[in-house]
Every structure is written in structure tokens, then in C-alpha cells.
Amino acid sequence: MSEYMDELETTNGVDNPEVAESEQIEQRRAKLEYWRSQGVDPYGSRFVRSHSASEILEGFEQLEGSDVSIAGRVMAFRGHGKASFLDVHDLSGRMQVYAKADHLGEDIYSQIQQIDLGDIVGVEGTVFRTRRGEVSIDVKRLTLLTKALRPLPDKWHGLKDVDLRYRQRYVDLMVNADVRRTFLTRSKIVSAMREFFTSRGFIEVETPAMHALPGGAAARPFITHHNALDMQLYLRIATELHLKRLIVGGLERVYEIGRVFRNEGISTKHNPEFTMVEVYQAYADYEDMMELTESLVVQCALAATGSTVVKYQGKDVDLTPPWPRVTMNQVVLDHTGVDFMSLTDEEARAAAARLGLEVAKDATRGVCLNEAYEELVEAHIINPTFVTDYPIEISPLAKRRTDCPQLTYRFEAVCVGRELANAFSELNDADDQRKRFEAQVAEREKGDDEAHVMDDDFVCALEYGMPPTGGMGLGVDRLIMLLTDSASIRDVILFPLMRPKDQPE
RNA sequence: GGGCCGCUAGCUCAGCUGGUAGAGCACCGGACUUUUAAUCCGGGUGUCGCGGGUUCGAGUCCCGCGCGGCUCACCA
């Protein structure tokens with residue numbers, strides 16, 4: 001390890017090995033020597049399992065009396081003198097293991113008494129049911145596969161400290177079954193997405209995560225540097241512009257489930273890196289994207305919960321299509337009584353002020369409308385709803401409406417007060433796109449550091465011709481929050497970003 | 001960034017107005033041959049987040065800092 005890396009090393013809240021270890025760790029280290037003295041490698045090798053714990057429980061009628069082998073972590077130990085019970089957990093669940101001195105011999109039995117909670121073992125024995133009715137394995141041979149040097153958290157209360165749960169997710173996963181369940185559900189949801197897109201003829205692609213120009217969203221990027229090229233790079237804030245280049249190239253239906261990075265605040269709904277799925281379909285429009293979004297979310301909900309009605313933080317949410325559609329102007333009118341689209345820019349600013357909104361002196365009607373929507377309306381939409389016809393000023397990549405050039409063919413799918421998905425008929429007029437970028441650059445020069453930069457190559461791609469295209473982006477973590485009833489995005493991200501607990505030096 | 005709350009044993013938590021730091025689980029020793037939060041007997045294992053200050057004396061009061069949670073702000 002280089003000196004440079006040494007400087008980066010932190011302990012991240014885990015005990016510093018230079019400090020004297022706790023008594024329990026010392027005791028467990030002594031067990032390491034015990035096992036070695038017994039000729040047992042405390043970090044053993046492969047072990048062939050015949051069954052998982054749940055397979056034995058479910059197949060008991062057929063398996064009773066036959067020999068099986070399982071492996072897992074010892075999570076409980078109940079000794080009764082010359083007989084003991086161990087709970088061994090694998091991913092599928094829990095299996096009770098019965099160790100009896102008469103069956104094993106005194107020497108082997110006393111060896112098993114040296115097993116600690118947290119040790120990983122292989123168990124070979126006979127399936128039976130105890131007097132109390134519990135399916136168990138009468139162990140014939142128990143093999144230590146891995147010695148655990150650290151004690152497990154409280155067997156009853158588990159690991160509750162939120163800080164430790166995120167920093168030491170491995171412990172969280174060991175002891176908290178609901179956490180395991182959430183991440184298994186996450187995996188099912190992502191699989192369901194891939195199946196959904198595949199069944200509709202989409203191909204999965206991978207575009208660069210390091211961009212020379214950040215684009216495709218309004219967000220501040222992370223900046224990094226490539227040494228050999230001596231070049232500033234940005235971690236991507238969206239996959240949009242590269243995916244649309246692929247539509248130009250003729251791939252017709254593409255999607256990417258990709259990590260994006262935004263250098264912004266952290267909250268229960270924001271992690272600096274998060275997963276977004278973006279999908280683009282040639283010859284489609286934003287109405288096709290509505291149908292696609294509804295169907296995608298339904299398929300994910302069925303995969304996660306088996307139902308299209310879910311409970312989120314005490315609220316019932318009905319995801320059954322079709323979802324209602326309402327224009328942004330109409331929904332704002334309904335909530336505030338203000339018909340922004342009938343006003344001039346100046347009247348709109350006055351109306352916004354009357355609603356208690358702070359808008360810039362030169363804010364346009366569209367900006368005021370969007371402000372009113374985001375501040376006063378969005379949070380009240382619980383059941384999934386398509387809010388359509390976004391103002392053009394805040395939609396630099398969306399196609400202009402032919403019937404109202406100040407609005408776009410764009411919608412956001414809103415649910416439990418949050419944006420779930422964002423979609424539009426993609427702007428494919430290269431000259432219009434260049435003007436939109438120029439307007440964004442002007443905003444940037446006025447101090448909006450989240451406005452787009454000019455992307456000449458993207459405009460060049462559009463000049464080659466991009467077919468009419470519908471595109472949609474959806475925050476995967478937020479969908480998973482909804483479908484797993486998770487209050488915080490950190491509960492659906494295995495390793496959320498945390499400050500190191502101890503600064504080096 | 002603001003406000004509120006938290007940080008005490010491996011884990012979950014008590015610790016009143018300042019007076020030698022506690023419980024349950026885990027752990028250690030002993031008993032116990034179908035238990036399951038096993039039970040029974042004995043044992044407390046600690047940098048009270050870190051650093052200052054006040055005080056005869058600080059887990060407790062004051063100041064600063066660190067990390068976290070909630071919330072507001074920010075955030076397509």
C-alpha cells in the first residue's frame with residue numbers, strides 16, 4: 001500500500017485494532033488456538049450442502065429420518081448438560097440443530113460446546129422432530145467453517161443504532177430479518193424491471209459514468225480527474241444524452257439501470273449516488289411512456305408485494321392503471337385558484353407572491369407555475385398521477401407542444417407526494433435543442449449552477465436525425481422505498497454514504 | 001446551513017436536584033440428556049463520543065468540537 005493510500009485510511013467507526021481488544025474478542029481469539037490445537041482449521045474450506053434450512057422445513061414429510069447437510073451461522077445456543085440446541089441460520093431461514101453426547105461421544109460433544117455465537121458451521125445429521133414439535137437435525141458431525149472473532153448484537157433487541165446499522169450493514173443483515181427482506185425485495189424489483197423491458201423488445205446498454213460534460217439533468221456534479229489524460233471529468237448526473245445518441249444510432253429501444261451521482265444535500269429522500277432507470281423508445285411519444293410507466297410500476301409492485309395496492313407509511317396507495325392525468329396548470333388551478341397560463345409574466349409573478357412564493361424578478365409565467373406546483377401541490381398527490389404539460393423553460397430536452405409552444409409534451413408521475421418518474425416526447429429538432437442549451441447557458445451565467453451546459457456533440461447527433469422518441473426516467477430507489485414501505489432512502493441502499501466516524505489524524 | 005434530540009459494557013437501555021457507574025441479553029465459572037428469549041447458582045467485563053472549563057468532587061453543570069437521527073432550508 002502506498003503512502004498516499006495510508007493517508008486515506010480510516011477506521012470508519014470500527015474499533016481501532018491498536019487499542020486493546022475487548023475481553024470477548026480476546027476470549028474468541030483464544031478459541032482460535034483451541035481449534036488449531038484440536039487440528040481444526042478455524043477458517044475451513046468448501047462444504048457441500050444438501051439442503052437449505054427452508055427446504056428441510058418444507059420437505060420434512062419426505063426427509064424425516066434421512067441424512068442432510070446444511071451450513072450457516074450459529075445464532076443461538078441452548079445447552080442442557082449432555083444435550084444442546086443450536087440455531088443455525090442460512091439465507092433461507094433458521095434450522096435447529098440438536099447435539100446429544102450419547103450420539104456424538106464425550107470428546108466431540110465437548111468440542112461442540114466451544115462453538116461461539118456467530119461462528120459459521122457445517123452440519124451433517126438426521127432430520128427429526130423434537131418433542132416440542134420443532135423440525136431439527138440430530139447432528140452427527142459439526143464442522144467449524146469460520147470462526148467469528150466479534151460477538152453478535154443482542155439476540156432479542158438486535159442492532160438498533162441507526163448509525164451502526166448503516167456503517168456495519170453486514171451486522172445489520174445478519175441480525176435484522178426485515179432488512180434482509182427489504183434487500184431481497186429490491187433484487188426482485190430490479191429483476192422484474194429487466195424482464196419487463198426485455199419482454200417489450202428493449203436492449204440493456206451501459207453508457208459512460210465519467211463524462212467530459214455533465215448533462216441530462218439540472219444538478220451539480222461531482223468532479224474528478226484523469227491523470228494520464230490530465231483531464232477534468234464529471235461523474236454523470238443522468239444517462240439521458242448518451243441514451244438518446246444510441247437512438248440516433250438506430251438502437252430503437254434502449255434502457256439503462258445506472259448509478260448516477262449528484263453533488264447535493266443528503267436527506268431521507270436523497271443519497272449522493274442513486275440508481276435511475278432511463279428508457280427510450282423510437283417512434284413513441286410521451287403518452288406511450290405513460291402506459292409504459294404504469295405497466296412497469298405494476299409489474300414491479302406485483303414482484304415485490306403480489307398486489308397493485310400497497311401501504312406506504314400508513315397510507316393506502318392504489319397503483320392500478322390507468323392513472324389519472326392532469327395538466328400542471330389545471331392541478332395548480334384546482335389547488336390555488338390561480339390560472340397561471342391565462343396570465344402575463346408580470347401577473348404571474350404577482351400571483352406567485354400572493355401565494356407566498358419567492359420567485360426571481362424576471363421569472364416567467366412558466367417558472368411561476370412550476371414553483372406553485374412544486375411548493376403547494378405536489379406533496380398532496382398521494383395516488384399515482386400523471387402531471388402533464390410542463391413549461392418549456394424548465395424542460396430543455398422535451399419537445400415543444402404544437403398547440404401551445406410555451407409548454408412541452410412532458411409529464412411527471414407523482415405518488416405519495418414525490419416525483420416517481422419523469423418523461424417526455426424527446427426534443428429531436430437540433431436547432432431548437434441548440435437554442436434551448438443556449439438559454440440554459442444564459443441561466444448558468446446568471447448564477448444557476450444547475451443549468452445545463454452546451455453539449456455540441458449531442459446537438460450534432462440530433463443533426464444526423466433522431467426519430468420521434470418517447471423517453472422516461474424513474475428513480476429506482478424511490479420506487480423501492482414505495483414498494484417496501486421504507487421511510488428513508490438509506491433503508492433501501494445497502495451502503496449509504498456516511499461521514500467517516502474517525503478522521504485520520 | 002438552522003432548530004431539536006441522541007452518543008454510558010459487545011448489544012439494548014437506566015443513571016433524580018453534582019458525591020466511588022447500573023440492569024437485561026451477550027460473556028466467564030458451575031449444574032442440567034428434547035430446549036427454543038431454556039432454566040438455576042456465582043462473577044461486572046467501562047477512555048460514560050472527544051477536548052477544555054466550573055467545582056473539594058462532573059456520566060450529570062458550562063463552552064467548543066466530532067458523528068448520527070428527525071426536521072426546516074436546499075434539491076427535476
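We name chains A, B, ... by the order of the sequence lines, and we start the count at 1 in each one.
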**Asked** In residues 88-97 of chain A, which residues come under 4.0 Å of RNA chain B by heavy atom?
**Response** A:R94, A:Q96
**Message:** Tell me whether the count of non-hydrogen atoms from other residues, nucleotides or ligands lying under 6.0 Å of CZ in A:R141 goes above 12.
**Reply:** no
**Request:** With a 4.0 Å heavy-atom cut-off, tell me which residues in residues 99-108 of chain A come close to RNA chain B, sorted by residue number.
**Result:** A:K100, A:D102
**Message:** Expressed as a whole number of angstroms, how long is the span from A:I489:CD1 to B:G69:P?
**Reply:** 13 Å
**Message:** Counting only Watson-Crick pairs (N1-N3 plus N6-O4 or O6-N4) and G-U wobbles (N1-O2, O6-N3), all under 3.5 Å, who is the partner of B:G49?
**Reply:** B:C65
**Asked** How close or far is atom C1' of B:U33 from atom OH of A:Y109, stated in whole angstroms?
**Response** 8 Å
Which atoms of nucleotides 28-30 of chain B (N or O only) lie under 3.5 Å from a protein N or O atom, and what are those distances?
none

**Prompt:** Taking for each residue the nucleotide of RNA chain B bearing the nearest heavy atom, is the 5' side occupied by A:F85 or by A:D161?
**Reply:** A:D161
Pick out the pairs of N or O atoms, protein on one side and nucleotides 70-76 of chain B on the other, that lie under 3.5 Å.
unit_1 : atom_1 : unit_2 : atom_2 : d
B:C75  : O3'    : A:E450 : OE1    : 3.0
B:C75  : O2'    : A:E264 : OE1    : 2.7
B:C75  : O2     : A:H270 : NE2    : 2.2
B:A76  : OP1    : A:A218 : O      : 3.2
B:A76  : OP1    : A:E450 : OE1    : 2.2
B:A76  : O2'    : A:E419 : OE1    : 3.1
B:A76  : N1     : A:N422 : ND2    : 3.0
B:A76  : N3     : A:N422 : ND2    : 3.0

With 3.5 Å as the limit, what N/O pairs link the protein to nucleotides 22-24 of chain B?
unit_1 : atom_1 : unit_2 : atom_2 : d
B:G24  : N2     : A:D154 : OD2    : 2.6

**Message:** For the CG atom of A:L427 and the CZ atom of A:R400, what is their distance to the nearest 0.5 Å?
**Reply:** 8.5 Å
**Message:** If I take atom CG in residue A:L117 and atom P in nucleotide B:A37, what distance separates them, rounded to the nearest angstrom?
**Reply:** 15 Å
**Item:** Partner nucleotide of B:G57 by Watson-Crick or wobble geometry (both distances under 3.5 Å)
**Value:** none
**Prompt:** Looking at residues at least two apart in the chain, or sitting in another chain, which of them share a ring-ring contact (aromatic ring centres under 6.0 Å, His included) with A:H335?
**Reply:** A:H380
**A:L497 or A:S136, whichever maps to the more 5' nucleotide of RNA chain B** = A:S136
**Request:** Write down the distance between CZ (A:R132) and P (B:U33), rounded to a whole number of angstrom.
**Result:** 16 Å
